[in-house]
Amino acid sequence: MRRESLPLDTAFDLCQNHRRRALLTLLADRDRRVTVQDLATDLAVREHDAPITDVPGDLVTEIHTLLYHVHLPKLNGANVVDYDHERGHVELTERGTELEATLSAIGGLETPS
């Protein structure tokens with residue numbers, strides 16, 4: 001049985017946000033289950049291009065809130081990530097790995113400057 005591919009419109013919708021694109025990269029790089037808090041911290045460090053000690057705590061909190069309420073549920077709904085919101089764990093699915101690889105190949109994972 002062949003798994004259904006992610007519809008192109010869905011892929012574009014999921015990847016229109018720079019944090020979701022960066023999130024896919026972080027999850028692919030880790031290649032294991034991670035916590036939402038770790039992802040929020042890593043995204044804040046990446047966006048600030050500085051050590052965590054130089055990143056405002058409000059930014060980490062803002063990113064965590066957006067991940068928890070917006071980005072992760074959206075990615076989970078498309079079966080791109082496996083998101084356990086009760087435990088705060090996230091991991092990339094096979095579909096997510098394919099999406100990240102495709103975006104990486106076309107250079108689509110760059111975040112805005």
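What you are looking at is a predicted structure, and each value in this text was computed from that prediction instead of being measured. Nothing fancy with the numbering, it's 1 onward along the sequence.
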request  = Return yes if some donor-acceptor pair links the side-chain N/O of Thr93 with the main-chain N/O of Asp82 below 3.5 Å, else return no.
outcome  = no
task = Heavy atoms only: give me the nearest Thr35-His89 pair and the separation to one decimal.
result = CG2-CD2, 4.0 Å
request  = For Thr41 and Gln37, indicate whether the former's side chain and the latter's backbone hold a donor-acceptor pair under 3.5 Å.
outcome  = yes
note = On a heavy-atom basis, the closest approach of Cys15 and Leu24 is SG-CD1, 4.2 Å
inquiry  = I'd like to check Val90 versus Arg33 (side-chain heavy atoms, cut-off strictly below 4.5 Å). Are they in contact?
reply    = no
message = Holding to side-chain contact (heavy atoms from CB on, under 4.5 Å), I want the full list of residues that pass it with Pro7, two or more places apart in sequence or in another chain.
response = Thr10
key: Set of residues satisfying side-chain contact (heavy atoms from CB on, under 4.5 Å) with respect to Asp49, sequence neighbours excluded   = none
task = Dump the intermediate steps for side-chain contact (heavy atoms from CB on, under 4.5 Å) on Arg19 and Glu47, then the final yes or no.
result = CA-CA 9 Å; Arg19 282 192 178 140; Glu47 286 180 17; 2.5 Å; yes
request  = Might you point out which heavy atoms bring Ala50 and Val55 nearest each other, and give the distance in Å?
outcome  = O-CG2, 4.1 Å
message = Which residues pass the side-chain contact (heavy atoms from CB on, under 4.5 Å) test with Ala101, not counting sequence neighbours?
response = none
Give every donor-acceptor pair under 3.5 Å between a side-chain atom in residues 58-78 and any protein atom, sequence neighbours left out.
| residue | atom | partner | partner atom | Å |
| --- | --- | --- | --- | --- |
| Thr61 | OG1 | Gly57 | O | 3.1 |
| Thr65 | OG1 | Thr61 | O | 3.0 |
| His71 | ND1 | Arg20 | NH1 | 2.9 |
| Lys74 | NZ | Asp13 | OD2 | 3.0 |
| Asn76 | OD1 | Tyr83 | N | 3.0 |

message = With side-chain contact (heavy atoms from CB on, under 4.5 Å) as the criterion, how do Leu39 and Leu27 come out once you've worked through the C-alpha distance, each side chain's angles and the decisive distance to 0.1 Å?
response = CA-CA 8 Å; Leu39 289 172; Leu27 288 169; 4.0 Å; yes
ask   = Are more than 12 heavy atoms from other residues, nucleotides or ligands located less than 6.0 Å from atom NE2 of His85?
value = no
Shortest non-hydrogen contact from Asn79 toward Arg95 = O-CB, 3.4 Å
note = Residue set satisfying side-chain contact (heavy atoms from CB on, under 4.5 Å) with Arg30, at least two apart, ordered chain then number -> Arg32, Val34, Asp38, Asp42
Derivation of the side-chain contact (heavy atoms from CB on, under 4.5 Å) call for Leu6 and Glu98 = CA-CA 9 Å; Leu6 189 64; Glu98 291 172 3; over 6 Å; no
